[in-house]
Amino acid sequence: RREAMTAFGNDRLLLEKYFPDPRHIEVQIFADQYGGAVHMFERDCSVQRRYQKVIEEAPGPAVSAELRRHLTDAALVAAKTIDYVGAGTVEFVVDRRDKFYFLEMNTRIQVEHRVTEMLTRQDLVEWQFLLACGEPLPMSQDQIVLDGHAIEARLYAENPARRFLPSPGLITHLRLPKNKPGLCVDSAVASGDEVTPYYDAMIAKIVVWGVDRNAALNSLDQALNDTQVIGVSTNLNLLSAIVRHQEFADGGYDTGFIERHRSALIPEPEPASDLVIGL
């Protein structure tokens, strides 16, 4: 307090609770101009590097029905309290005892909105436009249901072995899985395009749906196997390693997952074999 008074002329302090490796859970909400608000359940965004999301899935594999109810109720209270209108994402951190704390609200559609679209069969972008145009909510809360399980993996031009530094450069070859029922790939780059250092290094979002989590995991594993990128370093191998890791498969992961298993997920590079060199 003395340092604060000396530096700022004010000795008031803000204290924040510290959570070692919590879960990061967010709730998708929509609110109209007529006092109506609904949620589209939660997404688990705990698999992160450098505090940025890498994999998102819904419903949260470690979110109980009771916790889901409390999270969604809190998200709607937050939206209604500020007379919010439009699409929004209310984010929380959740500790090991399922106690949750408000983190932030993103007042827009987010990168991972496709996960929720897969589950609810609703076009969230369309909803956002309708509400912005003054329309009422298209559906009531009891009409919005979850169906199956969805997972999204973010494919980045970055080097996990170098602390996830961006890897700008020319993509000389890019093969992404083709869209089909249960698989959606969002991308704006192709072979011959350049990843510049001036914008986010995301190459694609690979989103899968399955009748249950195991089916979704198998679909994502296959989709990642079908993906090829040459010309820039990517996190493709990391994504595959995450999907196949037992702790991730069990669903009990948290925000410390990647760092905790770094040696297994990001093995040290080894010299090429004599066979490869000979070829």
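Below, all heavy atoms of this structure are taken into account, side chains as well, without hydrogens, waters or symmetry copies.
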Would you compute the distance between atom [atom1] of [X] and atom [atom2] of [Y] and round it to the nearest 0.5 angstrom?
{"X": "Glu158", "Y": "Ser167", "atom1": "CD", "atom2": "OG", "value": "9.0 Å"}
{"X": "His24", "Y": "Thr255", "atom1": "NE2", "atom2": "OG1", "value": "9.5 Å"}
{"X": "Asp83", "Y": "Lys80", "atom1": "CG", "atom2": "NZ", "value": "11.5 Å"}
{"X": "Ile109", "Y": "Gln28", "atom1": "CD1", "atom2": "CD", "value": "5.0 Å"}
{"X": "Gln228", "Y": "Thr234", "atom1": "CD", "atom2": "OG1", "value": "11.0 Å"}
{"X": "Thr116", "Y": "His113", "atom1": "OG1", "atom2": "NE2", "value": "9.0 Å"}

Of all residues at least two apart in sequence or in a different chain, which pass the salt bridge (Lys or Arg N to Asp or Glu O under 4.0 Å) check with [X]?
{"X": "Arg121", "result": "Asp147"}
{"X": "Asp193", "result": "none"}
{"X": "Asp32", "result": "none"}
{"X": "Glu112", "result": "Lys53, Arg154"}

Exercise. Would Asn218 and Gln222 count as having a side-chain donor-acceptor pair, cut-off 3.5 Å?
Worked result: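 Result is no, nothing qualifies.
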Under a 4.5 Å cut-off applied to non-hydrogen side-chain atoms, are [X] and [Y] in contact?
{"X": "Thr227", "Y": "Pro177", "value": "yes"}
{"X": "Ile151", "Y": "Val115", "value": "no"}
{"X": "Phe100", "Y": "Ile25", "value": "no"}
{"X": "Arg1", "Y": "Met5", "value": "no"}
{"X": "Phe248", "Y": "Ile55", "value": "yes"}
{"X": "Pro59", "Y": "His149", "value": "yes"}
{"X": "Val111", "Y": "Glu152", "value": "yes"}

Taking [X] for the side chain and [Y] for the main chain, is one N or O donor matched with an acceptor at less than 3.5 Å?
{"X": "Glu42", "Y": "Gly60", "result": "yes"}
{"X": "Asn106", "Y": "Arg108", "result": "no"}
{"X": "Arg213", "Y": "Ala249", "result": "yes"}
{"X": "Glu259", "Y": "Gly256", "result": "no"}

Only counting residues at least two apart or in another chain, list the ones meeting ring-ring contact (aromatic ring centres under 6.0 Å, His included) with [X].
{"X": "His261", "value": "His245, Phe257"}
{"X": "Tyr84", "value": "none"}
{"X": "Tyr101", "value": "Phe19"}
{"X": "Phe30", "value": "Trp127"}

Exercise. Do Val94 and Val90 sit in the same hydrophobic cluster, where Ile, Leu, Val, Met, Phe, Trp and Tyr count as joined when their side-chain heavy atoms come under 4.5 Å apart?
Worked result: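 Yes, it is one cluster - the side chains of Val94 and Val90 are joined through contacts under 4.5 Å.
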Exercise. Could you give all pairs that pass the ring pair (Phe, Tyr, Trp, His ring centres under 6.0 Å) test and reach residues 154-213, with sequence neighbours left out?
Worked result: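 Sorted result for residues 154-213: empty, none.
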Pairs under 3.5 angstrom only: tabulate donor-acceptor contacts from the side chains of residues 180-191 to other protein residues two or more places apart or in another chain.
residue	atom	partner	partner atom	Å
Asp186	OD1	Arg114	NE	3.4
Asp186	OD1	Arg114	NH2	3.2
Asp186	OD2	Arg114	NE	2.8
Asp186	OD2	Lys205	NZ	3.3
Ser187	OG	Val189	N	3.4
Ser187	OG	Ile203	O	2.8
Ser191	OG	Leu174	N	2.8

Problem set entry | Fellow cluster residues of Leu13, listed by chain then number, with links counted only when side-chain atoms sit under 4.5 Å apart |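 Hydrophobic cluster check, Leu13: no partners found.
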Exercise. Looking at Asp98, Asp44, Asp95, which hits salt bridge (charged side-chain N to carboxylate O under 4.0 Å, His left out) with Arg23?
Worked result: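 Of the listed options, the one satisfying the test is Asp98.
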Exercise. Going by the salt bridge (Lys or Arg N to Asp or Glu O under 4.0 Å) test, which pairs reach into residues 219-237, not counting sequence neighbours?
Worked result: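 Non-adjacent pairs meeting salt bridge (Lys or Arg N to Asp or Glu O under 4.0 Å): Asp221-Arg244.
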